[in-house]
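When reading the values below, keep in mind they use all heavy atoms of this one structure, side chains included, and skip hydrogens, waters and symmetry mates.
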Amino acid sequence: MTEIDYDKEVEKINTYNKPILNEFAAWLKKTGLAQKTIKTHVENMDFFAEYLTYYEPLYALDEADAGDVASFLLDWYPRKAMWASVSHTKSHMATFRKFFKFMSESNRIDKVVEDEVRQVLKDEKDAFLEAVAFADADEWW
């Protein structure tokens with residue numbers, strides 16, 4: 001098996017993700033959201049994209065699923081984001097709902113993936129908020 005050049009692979013995925021994020025911003029603008037809100041949603045997804053390339057295997061945004069969302073909100077985000085809080089987690093959850101709707105509507109993902117993400121956000125909401133509240137209380141360290 002050939003070893004991949006991690007940095008080149010991440011750069012390739014980031015280049016691939018950029019138009020997706022730009023199209024997401026345009027889609028959000030069409031829904032009438034304020035520019036500040038659009039910026040927040042795009043930044044949230046950009047941070048999630050970073051998570052998807054933090055460990056191998058590396059994923060692009062259109063390869064993410066409900067399991068990735070759950071792992072991000074339960075573990076990685078509370079540990080890695082210094083600004084992690086209940087309100088920021090709620091913001092990320094709203095972003096995920098909008099992003100996966102956009103991805104489904106633009107035929108980048110199957111509607112089943114969107115539905116699964118929505119379901120995990122609903123079913124695990126309390127766990128996501130507890131994870132970040134725990135981290136926010138400095139109990140991680």
Side-chain angles (χ1 to χ4, degrees), residues 2-141:
T2 308
E3 188 174 321
I4 64 166
D5 182 335
Y6 178 81
D7 291 334
K8 281 187 179 184
E9 196 62 28
V10 168
E11 184 179 329
K12 181 177 156 186
I13 290 171
N14 288 340
T15 300
Y16 178 84
N17 283 338
K18 189 163 181 59
I20 295 172
L21 292 172
N22 290 339
E23 289 172 31
F24 178 51
W27 182 84
L28 290 169
K29 187 173 183 176
K30 287 180 188 176
T31 68
L33 292 177
Q35 190 59 40
K36 182 178 177 185
T37 304
I38 293 169
K39 183 177 186 268
T40 297
H41 285 309
V42 172
E43 286 173 351
N44 286 348
M45 287 313 301
D46 193 41
F47 192 62
F48 179 66
E50 183 180 328
Y51 160 73
L52 293 173
T53 60
Y54 200 77
Y55 305 105
E56 290 188 59
L58 311 176
Y59 294 109
L61 284 168
D62 59 358
E63 297 173 305
D65 62 20
D68 297 312
V69 169
S71 294
F72 174 82
L73 290 172
L74 282 172
D75 181 49
W76 199 79
Y77 174 70
R79 288 186 304 108
K80 298 292 185 179
M82 292 175 50
W83 61 91
S85 67
V86 169
S87 64
H88 279 107
T89 300
K90 288 179 179 179
S91 173
H92 274 280
M93 292 170 68
T95 297
F96 284 128
R97 283 190 289 277
K98 291 180 184 316
F99 181 75
F100 281 90
K101 181 177 182 177
F102 153 73
M103 294 292 280
S104 175
E105 286 183 3
S106 63
N107 295 315
R108 289 184 177 273
I109 61 166
D110 193 280
K111 175 82 168 107
V112 172
V113 175
E114 177 195 358
D115 293 342
E116 289 170 348
V117 167
R118 288 185 167 280
Q119 194 63 49
V120 81
L121 290 171
K122 179 181 174 187
D123 292 349
E124 301 298 326
K125 176 183 178 182
D126 291 340
F128 299 148
L129 298 178
E130 286 173 18
V132 77
F134 182 72
D136 197 32
D138 288 331
E139 294 181 34
W140 278 106
W141 323 115

Just list the side-chain donor-acceptor pairs under 3.5 Å for residues 25-38, sequence neighbours left out, or say none.
residue, atom, partner, partner atom, Å
W27, NE1, E105, OE1, 3.1
T31, OG1, L28, O, 2.5

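- Applying the ring-ring contact (aromatic ring centres under 6.0 Å, His included) criterion to H92, with sequence neighbours excluded, gives F72, Y77.
- Between K90 and L129, some side-chain heavy-atom pair lies under the 4.5 Å cut-off.
- Interatomic distance, OH of Y59 versus CD1 of I13, reported as 10.0 Å (0.5 Å rounding).
- You'll find the side chain of K18 stays beyond 4.5 Å of the side chain of N14, heavy atoms only.
- To the nearest 0.5 Å, the span separating CZ on F100 from CG on D65 amounts to 7.5 Å.
- Evaluation of the side-chain contact (heavy atoms from CB on, under 4.5 Å) rule for K111 yields S104, E114, D115 as partners, not counting sequence neighbours.
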Derivation and outcome, side chain to side chain donor-acceptor pair (under 3.5 Å), residues N44 and S91
CA-CA 8 Å; N44 286 348; S91 173; 3.1 Å; yes
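- For the atom pair CD1 (I20) and CG (D62), the distance works out to 4.5 Å, reported to the nearest 0.5 Å.
- Summarising the geometry, atom CZ belonging to R108 is positioned 12.0 Å from atom CD belonging to E63; distances are rounded to the nearest 0.5 Å.
- A side chain to side chain contact (heavy atoms under 4.5 Å, CB included) with M93 holds for exactly one of L73, V117, V69; it is L73.
- Using modelled atom types, no side-chain atom of E124 and backbone atom of L121 make a donor-acceptor pair closer than 3.5 Å.
- Closest non-hydrogen pair, P78 versus A131, comes out as CB-O, 3.9 Å.
- Side-chain contact check for F24 versus H41: some heavy-atom pair is nearer than 4.5 Å.
- Using a 3.5 Å distance cut-off with no hydrogens or angles, the side chains of Y51 and D68 do not pair a donor with an acceptor.
- Within the model, atoms CG of D46 and CG of N17 stand 8.5 Å from one another, a figure rounded to the nearest 0.5 Å.
- A side-chain N or O of K80 and one of Y54 form a donor-acceptor pair less than 3.5 Å apart.
- Here E23 contributes atom CD and L21 contributes atom CG; the two are 9.5 Å apart, rounded to the nearest 0.5 Å.
- Contact check for V132 versus H88: no side-chain heavy atoms found under the 4.5 Å cut-off.
- Contact check for E56 versus E9: no side-chain heavy atoms found under the 4.5 Å cut-off.
- Between F96 and F48, the angle of the ring planes goes over 60°, which puts this pair in the perpendicular group of the 30/60° scheme.
- The side-chain heavy atoms of L61 and F99, taken from C-beta on, include a pair separated by under 4.5 Å.
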